[in-house]
Amino acid sequence: CMHFVAVDSCLYVMCALVLTWYTDKEEVVLWMNTVGPYHNRQETYKYFSLPFCVGTKKTISHYHETLGEALQGVELEFSGLDIKFKDEVMQTTYCEIELDKAKRDAFVYAIKNHYWYQMYIDDLPIWGIVGEADENGEDHYLWTYKKLEIGFNGNRIVDVNLTSEGKVKLVPNTRIAMSYSVKWKKSDVKFEDRFDKYLDPSFFQHRIHWFSIFNSFMMVIFLVGLVSMILMRTLRKDYARYSKEEEMDDMDRDLGDEYGWKQVHGDVFRPSSHPMIFSSLIGSGCQIFSVSFIVIIVAMIEDLYTERGSMLSTAIFVYAATSPVNGYFGGSLYAKQGGRRWIKQMFIGAFLIPAMVCGTAFFINFIAMYYHASRAIPFGTMVAVCCICLFVILPLNLVGTILGRNLSGQPNFPCRVNAVPRPIPEKKWFMEPAVIVCLGGILPFGSIFIEMYFIFTSFWAYKIYYVYGFMMLVLVILCIVTVCVTIVCTYFLLNAEDYRWQWTSFLSAASTAVYVYMYSFYYYFFKTKMYGLFQTSFYFGYMAVFSSSLGIMCGAVGYVGTSAFVRKIYTNVKID
C-alpha cells in the first residue's frame with residue numbers, strides 16, 4: 001500500500017472560524033477539491049475533470065463558495081460517499097469506472113505527470129495521488145481504495161488521514177471498482193491544535209532562518225550607526241562652515257569656495273517631474289505598507305491558515321479599508337507640489353495597484369480558461385472585485401484625498417523655491433542618479449532575501465507559512481535599512497549640488513524590486529521543477545506583481561524618510 005503525505009500552503013479567506021460539533025450518526029461531508037500536477041502547485045483542475053466516478057449519495061445541502069476561494073480556484077464538489085460521525089464503514093464499493101480508451105489515456109497522462117488530488121473533511125485538508133507507474137514506465141496503476149482514518153475528540157473532528165491502497169492496472173475496456181472505508185479513533189489532540197500537524201517547524205525555525213534574522217539585525221545596527229556617525233559628523237562640519245560663511249562680508253563670501261548641499265536650497269523643494277504619477281506612487285506605497293503591517297499583525301493574532309483563503313480575503317478587506325491612507329498621502333503630496341488636477345490624481349492613485357493586479361490576473365485568466373483549469377476566475381467573481389474597486393476603494397480614496405489636501409496640503413517648506421532652476425554642475429559618474437538608483441536596492445534586498453526563500457517556498461511549494469513574527473521583524477528591518485540607504489544616497493546627491501532627490505530617493509529604494517524579481521528567476525530554475533505555459537505564466541506574472549508592489553512600498557518608505565531628513569537639515573541652516 002502507499003501512504004501519501006503532503007502539506008498545502010493555500011492562502012485562505014477571512015471569516016470567523018466555524019466550530020463544528022457533531023452528534024453520533026450525523027452526516028460528515030467529504031468534499032473533493034482539485035487535482036493537478038504535483039510540481040505545478042497552481043495548475044489545478046476540478047477533481048471530476050478526471051474520469052473518476054461519484055458515490056451513490058446524491059443529495060446534500062448547497063455549499064457557498066467565498067470570494068477568496070473563488071479567486072484561488074477552490075472547487076469543492078460532493079464526493080457522494082456516505083460518512084457518519086463515529087460510524088465505521090468496512091471496505092465498501094461506492095461506484096465503478098467503465099474504463100474505455102479515452103478514460104485510460106486521461107488516467108495515464110495524470111499518472112505520468114504525478115497528479116495529486118485534495119479533499120476536505122470538516123475543513124481539514126487531505127491529499128492523495130492518482131496512481132503510479134512501474135519501474136519501466138510501461139504499465140500504469142490506479143489507486144482504487146481510499147482508507148480514511150478520522151480522529152475525534154469529544155464531538156469534534158481533530159484529525160484525518162488517508163491511505164491509498166488497491167493498486168489496479170489500467171487496461172482498456174475493463175471495469176474498475178472504487179471503494180472506501182472509514183475508521184474512527186479517539187484522539188487527544190485539541191480542536192484548536194488540529195492544524196499543527198500540517199506545520200513544519202524544522203523548516204521554518206531552522207538555524208539558518210534564525211541566523212538570517214540575526215544577520216539582518218546586525219546590518220541594521222551597523223547601518224544606523226554608520227549613518228548617524230557619518231551624517232552627524234559631516235553635517236556638524238557643514239553647519240560650522242556655513243555659519244562661518246554667514247559671518248563673512250559679501251566680498252569674502254564671493255571669493256570663498258562655496259559648495260555643498262546649502263547651495264541648492266532654492267531648488268531642493270522644487271516640485272518633482274511628473275508630480276501626478278509621483279504622488280500616486282507615494283500614496284499607493286504608503287497604503288501597501290499599511291496593508292502589510294495590519295495583515296501581519298492579524299496573522300500573528302489569528303491562525304489564518306486554518307480557513308481556506310483567509311489570508312487572501314484579509315488582504316482584500318484591509319486593502320479596501322486602508323484606501324484613505326492612499327488618498328491622504330497622495331493627495332497631500334500632490335497639493336504641496338502645486339498640482340491642480342487632483343481628481344485625476346485621485347483616480348490614478350486609487351486604481352494604480354488594482355489595475356496592475358487585475359491586468360495580470362486577466363492575462364493569466366485567458367491561459368487558465370484555455371487549460372480549463374480551476375484557477376480560471378468566474379465572471380461573477382470579476383464583477384465582485386470590480387464593485388469593490390468602484391464602490392469601496394474609490395469613495396474611501398476620495399475621502400482620504402480631501403482630508404490630505406485640506407489638513408496637510410500646504411507647501412510649508414523651510415526654504416523658498418527660486419523662480420529659475422539652478423543649473424546642475426557636472427559630477428563624477430558614480431554620483432549620477434541612475435547609478436545611485438541601481439546600487440540603492442542592494443542592501444535592502446540583502447536584508448530580506450533569506451526570508452524571500454521561505455515566503456516563496458510557502459506559496460509555490462507545499463508549506464504553510466506561520467512564523468509571522470519573523471515576517472514582522474523582517475518588515476521593520478527592511479524599512480530601517482531602506483530609509484538609511486536612501487538618506488545616505490540623497491545626502492551625497494545634494495552635496496553634489498543635484499536637487500533631483502525626490503525621484504532618486506524613491507527609485508533607489510524601489511530598485512529592491514528588481515533584485516527580488518531577479519531572485520525569482522533563480523528560484524524558478526534551481527529550486528522548483530515547474531513546467532508548462534500555465535504554471536510559468538502564473539509564476540512570473542504574479543512574481544512581477546509581488547515585486548512591483550514591494551518596490552512601490554520600499555520607494556514610498558524611502559521617500560518619506562528622506563523627505564523628513566531633507567526638511568530637517570534645511571530647517572537648521574540659515575538661509576538668506
Side-chain angles (χ1 to χ4, degrees), residues 4 6 8 10 27-38 40-66 69-83 92-132 140-148 160 162 164 166 168 170 172 174-182 308-309 368-378 380-381 534:
F4 180 76
D8 187 9
C10 287
E27 180 181 20
V28 176
V29 180
L30 175 64
W31 295 104
M32 313 307 293
N33 186 18
T34 53
V35 64
Y38 179 77
N40 289 357
R41 170 73 175 72
Q42 279 69 35
E43 184 183 341
T44 55
Y45 307 92
K46 291 183 179 180
Y47 176 80
F48 290 109
S49 63
L50 284 180
F52 288 112
C53 53
V54 188
T56 55
K57 188 169 183 179
K58 303 294 182 183
T59 58
I60 191 172
S61 57
H62 178 65
Y63 182 81
H64 295 280
E65 198 176 67
T66 62
E69 289 178 341
L71 289 172
Q72 289 176 213
V74 175
E75 295 283 354
L76 298 186
E77 298 175 288
F78 182 45
S79 62
L81 301 187
D82 189 13
I83 303 175
T92 304
T93 299
Y94 61 88
C95 67
E96 291 186 342
I97 302 174
E98 296 281 351
L99 194 68
D100 55 22
K101 186 177 184 304
K103 292 181 179 178
R104 180 188 179 276
D105 291 344
F107 279 124
V108 168
Y109 179 83
I111 292 170
K112 283 182 177 179
N113 288 276
H114 309 287
Y115 270 44
W116 63 287
Y117 58 87
Q118 186 185 49
M119 308 182 294
Y120 282 98
I121 286 183
D122 193 37
D123 287 338
L124 286 174
I126 321 162
W127 297 270
I129 59 172
V130 173
E132 66 176 31
H140 299 84
Y141 299 88
L142 183 71
W143 296 109
T144 62
Y145 176 27
K146 293 179 175 63
K147 190 175 181 182
L148 292 166
V160 182
L162 169 69
S164 298
V168 175
L170 293 173
T174 57
R175 296 171 67 91
I176 297 179
M178 304 296 291
S179 59
Y180 79 107
S181 66
V182 181
R308 289 183 300 273
M369 291 168 65
Y370 175 77
Y371 274 75
H372 302 287
S374 67
R375 290 276 175 174
I377 302 172
T381 305
F534 174 74

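Here T44 pairs with T34, S374, R375 under the side chain to side chain contact (heavy atoms under 4.5 Å, CB included) rule; sequence neighbours left out. Shown here are the side chain to side chain contact (heavy atoms under 4.5 Å, CB included) partners of T144, two or more places apart in sequence or in another chain: L142, V168, I176, M178.
Using a 4.5 Å cut-off on side-chain heavy atoms (C-beta onward), F52 and C95 make no contact. Under the 4.5 Å side-chain criterion, counting only non-hydrogen atoms from C-beta, V182 is not in contact with V28. The closest side-chain heavy-atom distance from I129 to H114 is not below 4.5 Å.
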Evaluate Y47 against F78 for ring pair (Phe, Tyr, Trp, His ring centres under 6.0 Å), listing each step before the verdict. CA-CA 10 Å; Y47 176 80; F78 182 45; over 10 Å; no
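Residues Y141 and I111 approach most closely at O-CD1, 3.2 Å, considering heavy atoms. The nearest pair of heavy atoms linking L50 to A106 is CD2-O, 3.8 Å. Considering every non-hydrogen atom in both Y115 and P37, the closest pair reads CE1-CG, 3.7 Å. Annotation for A368 and F534: closest pair CB-CE1, 3.4 Å, computed over non-hydrogen atoms. Residues A177 and T93 share a closest heavy-atom pair of CB-CG2, 3.9 Å. Residues E96 and C53 come closest through the heavy atom pair N-SG, 3.8 Å.
For residues 101-120, the salt bridge (Lys or Arg N to Asp or Glu O under 4.0 Å) pairs, not counting sequence neighbours, are K101-D105.
A cation-pi arrangement, defined by a distance under 6.0 Å to the six-membered ring centre and an angle within 45 degrees of its axis, is absent between K57 and Y180.
Between the S79 side chain and the L30 main chain, a donor and an acceptor come within less than 3.5 Å of each other. In this structure a side-chain-to-backbone donor-acceptor pair under 3.5 Å is missing from N33 to M119.
Taking the six-membered ring for Trp and the full ring otherwise, the centers of Y117 and Y45 sit at least 6.0 Å from each other.
Remark: F48 CZ is packed, more than 12 non-hydrogen atoms of other residues, nucleotides or ligands lying under 6.0 Å away.
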